[in-house]
Amino acid sequence: MRSVLFAQVRAHVARLLASTLAVVIAVGFVVATLVLNETARSTVLNAVGAQYVGAAAVVTSDDGSSLADDADAVAGLSSVAAVAPSFETSIQAAVPGRTGSQYLFVGTVADDPALRWQRVSDGALPDRPGEVAVSDRARAAVGDVLTVTTYDAAGDESTSEVTVTGIVDLSGDPEAGLYGRAFVTPEQAREWGAADPLELRVAAAPGFSDEQVRTDTAAALGDRPVEVRTGSERAADAAAAMMGNTTALAAVLLVFGTVAVLVAGLVIANTFAVLLAQRTRELALLRCVGATARQVRRSVLGEAVVTGLASSTIGVAAGIGLAAAVSALAGGGESPIPLTGLSIPWYAPVAGVLVGTLVTLLAALAPARAATRVAPLAALRPVDPAPLRSRPGVLRLVLGLLLLLPGVGLMALGVAMGQVLIALPGGVLSFLGIVLLAQRAVPPVVAAAGRLAGRFGGVPAQLAAGNATRNPRRTAATATALLIGVTLTSAFVVGAASTRATAQAGLAAEFPTDIVVSSFDGALPASLLATLEDLDGVDRGAAVISADVTGPDGQPTWTFGVDAAATEPVLRSTEELALPVPGQALLPEWLAETWAVRDGDPVALGAPGQQRTFTALVVDSGQPLMLTADDLRAVAPETGLGELWLRLTDGEPDGQVGAVDRITDVVAEIDPAAQVTGLVTLRDQIDEVLDLLLLVVTGLLGIAVLIALIGVGNTLALSVVERRQENGLLRALGLTRGQLRGLLAWEAVLVAGVAAVLGVLVGGAYGLIGAASVLGEIGEIVLSVPWLQVAVIVAVATVAGLLASVLPARRAARTSPVSAIAG
Amino acid sequence: MSVPVMTVPGEPPAPLSTAAVRATGLRKTYGSGETAVHALAGVDVAFAAGEFTAIMGPSGSGKSTLMHCLAGLDTATAGEVWLGGTDLTRLRDDELTKLRRQRIGFVFQSFNLLPVLDARDNIVLPMQLAGLRPDTAWMDSVVARLGLRERLGHRPHELSGGQQQRVAIARALLPRPDVVFADEPTGNLDSRSGAEVLGLLRSSVKETGQTVVMVTHDPVAAAYADRVVLLADGLLAGELSDPTAESVLDALRGLGA
Ligand SMILES: Nc1ncnc2c1ncn2[C@@H]1O[C@H](COP(=O)(O)OP(=O)(O)OP(=O)(O)O)[C@@H](O)[C@H]1O
Ligand SMILES: [Mg+2]
């Protein structure tokens with residue numbers, strides 16, 4: 001039988017292409033997800049943990065007490081070669097050629113080369129005070145002299161100059177783009193006011209293991225309140241702290257990978273069913289010449305294993321390639337997505353091959369069983385397709401309903417409770433149910449659509465409607481494959497649109513202001529607002545005045561006064577940020593607790609003699625006590641300009657980043673002590689990630705739809721072969737070549753169109769349900785249906801179905817009328 | 001001989017000008033060089049309007065090929081085929097196809113009907129393809145003559161072989177074509193059904209002046225015709241007027257079949 005098996009695989013390579021592609025894509029997706037996850041993990045580990053990876057041990061202060069004195073104790077150990085205390089501070093630095101200055105976070109370059117973790121992309125690390133290496137974000141060049149302003153504990157300003165000796169490459173660090181970093185010698189850091197070190201990095205002496213160093217260090221520090229970890233432990237902890245949400249993303253992707261595998265399984269099962277139907281006679285002939293049912297089954301399953309193995313291997317390669325491409329595309333420059341290079345975990349290829357082969361084998365089981373039931377006699381006469389009312393048909397119906405109904409129930413429950421973990425199994429169950437029921441539901445819908453088409457399309461459309469419903473099983477199988485792809489694509493597109501609308505609304509609610517300019521002392525120059533509003537990219541701004549107001553407890557409380565009319569147009573949303581009305585005081589929760597005030601209570605504010613009573617409104621916000629500007633002036637004799645809230649012109653994220661830079665420059669020049677917080681950048685980054693995800697996943701699903709369309713072409717080709725005589729007869733009776741092509745095109749459009757429309761309906765519902773249940777956990781849901789994209793899906797699937805008919809139609813049109821008679 | 005032999009009073013062979021179909025110098029060659037098969041090696045033949053002609057000859061003599069070329073189903077290698085005033089060899093595929101819808105009727109040995117259509121739809125199919133409405137009175141009379149009235153709503157697999165052939169004849173007659181071609185229409189039928197089918201063809205010629213050309217191997221079937229054209233090795237090998245089963249058999253023996 002083996003020779004037959006290999007001959008089969010070879011002979012049917014073209015037909016196996018559909019199932020091969022399905023496996024390749026599913027396996028590719030799973031492998032790419034695993035590889036990207038691992039790559040992100042190691043990227044973050046190498047970036048966030050870069051300073052720790054090279055250290056043998058890291059001593060971290062538990063309680064914030066200084067480790068300055070412990071450094072010497074550790075350095076004296078025989079297993080320790082060097083110790084580098086970490087000094088950290090921040091400075092305002094002015095880069096030549098740019099107005100204003102920027103905040104730079106300052107870290108130290110270790111004295112010992114073994115503990116120097118910074119990679120320079122240009123120049124060298126600093127060796128002495130007066131030298132500095134900066135990250136890309138600082139936008140300085142080697143040789144630049146920076147003017148640095150620092151403030152000591154008393155708030156006194158001092159200025160110094162440092163020369164840039166090198167540019168540090170921080171690529172892979174998700175925070176590299178958020179602010180600039182500067183690296184200097186420990187002496188320089190102390191000069192700039194760095195506090196005592198809270199962390200020591202320890203290098204091992206030759207011949208000592210990290211673990212040895214850790215043990216010795218821990219012993220030496222005995223009862224000090226410190227934690228001693230090996231460098232790699234410390235790095236892993238730092239990465240884990242940063243990666244919290246990245247692993248959540250990986251989990252989502254893996255869930256999606258599971259769905260992809262499931263779908264691939266169904267597509268493969270369908271393809272095998274079609275392939276075996278095509279081969280009924282062949283199999284029956286094998287039985288005639290003496291093959292037992294077992295041998296036939298073994299041959300079919302063997303074929304599945306060979307196909308599965310071959311295509312999973314290709315899938316693994318494709319997945320790794322895809323991951324490499326995504327990493328290269330998404331991880332460059334200041335991207336917020338932490339991807340550098342490629343890390344392939346050993347289990348990714350193993351899982352890929354296993355999953356792919358198993359799924360193919362499982363998918364082939366049912367068709368293989370059907371194949372063994374082929375009677376030897378079937379070789380001698382054409383077999384009738386099993387009628388739908390047969391026992392397996394009824395079983396299918398019952399099973400389908402048994403899956404569908406509880407599935408729908410679970411989804412309803414999931415939506416009601418806002419629990420995706422309840423809705424998800426409901427979705428899987430009901431989808432399997434739909435796939436089973438599609439066998440029964442699709443043919444009547446195709447028939448109905450066919451009657452409709454017959455009105456417009458003339459005889460070819462009428463004949464096509466008849467042909468399309470002639471072999472209901474095959475039509476249903478073909479349509480189901482497409483249905484699955486279209487359902488998932490539209491579910492994802494609709495779900496993503498809702499997710500994005502909700503996320504945007506949520507982000508706007510959480511960060512209603514694009515830019516906040518604030519000062520520590522509540523003394524921004526009054527002219528600043530007008531200057532900033534004139535800047536390119538700034539839409540408008542609002543001034544928030546501030547003052548210390550005496551509270552009911554007699555203590556001064558930092559209070560904001562806002563002019564609601566001027567402020568509202570600046571905000572993206574007032575959902576989370578309420579604005580006060582006259583006579584109202586907005587109390588953050590902590591303040592309401594301190595003052596023992598509840599919602600609606602009266603609160604007396606102001607110095608004794610000047611007191612006025614306000615109605616309290618307790619809000620969940622990070623803002624200080626808030627009154628209207630007029631009310632604040634009434635209760636506080638002296639107010640200053642505390643914050644400026646700015647709204648940027650809507651547009652490209654790049655333009656907005658430029659605007660943030662311009663604002664920073666101007667603010668730093670006018671008031672170096674002021675701080676600019678650009679929440680707009682954060683919003684853009686989240687948007688960017690969503691966009692990328694949507695693109696990648698839609699692309700992948702799009703390929704799944706294409707596979708299904710190959711299936712449509714497959715089925716049509718099969719019909720053409722089977723109906724050679726019939727098509728010849730039609731030609732003889734007066735059907736022109738064009739009409740014959742039209743006949744097949746109609747057939748394809750009927751099947752593909754019905755599948756596309758049903759798929760979009762079902763998928764749209766799934767997308768909305770999914771979004772509602774996922775986002776229900778988070779809060780307010782904004783459902784959104786991207787009608788245009790949905791229409792495009794239907795159009796693409798239908799037109800592609802039409803294209804899939806081109807080759808079979810050409811072949812059919814070449815059939816000479818004589819063949820009808822020739823038999 | 002269970003089937004009575006019908007003899008029709010002799011008529012003079014139709015002059016070329018009144019021929020429904022005629023071929024001149026018709027050649028059909030399959031393959032080329034050493035392996036070339038000359039299925040038709042230069043045939044001149046004419047079929048008069050209103051005449052029932054049978055084409056006979058040994059297996060492989062080119063009968064089907066001749067019929068296909070005459071009916072515009074196949075292209076000749078050389079020569080001309082005239083249907084009335086139209087030279088089929090000069091038509092493009094689409095023109096030929098449209099011509100077949102209305103001016104030529106077919107009855108094949110088997111697989112005559114589309115399985116998805118019921119008998120009525122099969123009968124009107126060529127006219128529908130032409131975008132024409134069948135003349136109801138004519139359709140009724142054809143259906144009645146063929147005894148199909150009760151069977152119009154049935155699909156082909158619900159009909160017997162003889163009934164299927166009758167549906168095919170109804171379809172061929174409905175557009176009142178210039179000529180009906182039948183390739184071994186009784187080949188798959190028992191003798192009673194066969195006689196029925198032949199009788200129907202015969203009477204359509206007699207009663208409505210339909211031209212019929214039929215290929216057959218059966219001398220008894222050939223005896224229903226007005227004339228028998230004999231073919232051997234792709235060439236005309238004589239013809240018989242007013243054939244009887246015996247005269248046909250004799251003629252065939254002469255060809256060595
Ligand atoms: N498509 C083809 N390719 C090559 N040779 C062919 C083809 N069709 C027919 N022939 C050859 O042409 C010759 C005539 O064939 P044709 O079918 O016309 O014979 P026929 O008289 O109808 O025979 P039968 O009585 O067996 O039906 C035969 O030798 C046949 O082998
Ligand atoms: Mg023949």
Side-chain angles (χ1 to χ4, degrees), chain A residues 381-385 387 443 446-447 450-451 454-455 457-472 475 719 722-744 746-747 750 810 812-823, chain B residues 28 30 39 63-65 67-69 71-75 92-118 121-132 155-157 168 171-172 174-175 177 181-185 187-188 215:
Chain A
R381 58 172 163 77
V383 275
D384 292 326
V446 170
R451 277 194 292 279
R455 298 245 178 89
V459 184
Q462 282 162 18
L463 289 171
N467 282 343
T469 45
R470 210 151 124 184
N471 192 330
T475 304
S719 307
E722 283 178 350
R723 300 191 202 133
R724 208 173 69 93
Q725 273 198 322
E726 223 174 295
N727 292 336
L729 178 65
L730 276 168
R731 295 273 292 115
L733 294 180
L735 194 77
T736 61
R737 284 205 173 116
Q739 282 176 313
L740 184 56
R741 279 195 291 265
L743 176 96
L744 282 161
W746 271 111
E747 196 173 337
L750 277 177
R810 273 185 41 175
R814 273 205 304 268
T815 316
S816 97
V818 179
S819 60
I821 311 102
Chain B
K28 178 76 184 178
Y30 290 108
K63 305 182 292 293
S64 296
T65 308
M67 208 192 86
H68 295 158
C69 290
L73 288 173
D74 209 350
T75 49
R92 284 182 296 112
D93 183 76
D94 269 12
E95 294 165 330
L96 258 185
T97 306
K98 285 174 184 152
L99 174 133
R100 284 201 298 270
R101 288 173 184 167
Q102 286 175 274
R103 295 182 58 190
I104 296 174
F106 296 98
V107 181
F108 303 119
Q109 177 175 359
S110 63
F111 204 82
N112 257 306
L113 307 176
L114 282 187
V116 275
L117 302 181
D118 63 19
D121 287 345
N122 263 297
I123 293 172
V124 298
L125 182 65
M127 300 206 66
Q128 261 192 337
L129 284 172
L132 298 175
R155 299 266 214 97
H157 64 91
R171 178 187 62 205
L174 191 64
F181 289 102
D183 195 354
E184 302 187 43
N188 277 359
V215 169

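Since the structure is predicted, the reported quantities are computational estimates derived from the model, not experimental observations. Convention: sequence-line order gives letters A, B, ...; per-chain numbering from 1. The basis for the numbers below is simple: all heavy atoms, side chains too, and nothing from hydrogens, waters or symmetry mates.
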Can you name the nearest heavy-atom pair linking A/Leu733 to B/Pro126, along with the distance? O-CB, 3.7 Å

Taking every heavy atom of A/Ala732 against every heavy atom of B/Phe106, the minimum-distance pair comes out as O-CE1, 3.2 Å

Would you indicate whether the side-chain heavy atoms of A/Leu730 and B/Leu125 approach each other to under 4.5 Å? yes

Please check this pair: side chain of B/Arg100 against backbone of A/Arg731, looking for a donor-acceptor N/O pair closer than 3.5 Å. yes

What part of B/Leu113 gets within 4.5 angstrom of chain A, counting heavy atoms only: side chain, backbone, both, or neither? backbone

Does any heavy atom of chain A fall under 4.5 Å from the side chain of B/Leu129, the backbone, both, or neither of them? both

Best-contacting candidate, B/Ile104, B/Asp94, B/Asp93, B/Leu117, against chain A by heavy atom pairs under 4.5 angstrom: B/Asp93

Identify which of B/Leu96, B/Asp74, B/Asp121, B/Leu99 forms the greatest number of heavy-atom pairs closer than 4.5 Å to chain A. B/Asp74

Distance (rounded to the nearest 0.5 Å) between A/Gln739 CD and B/Lys98 NZ: 7.5 Å

Could you state the interatomic distance from OG1 (A/Thr736) to CZ (B/Arg92), rounded to the nearest 0.5 Å? 11.5 Å

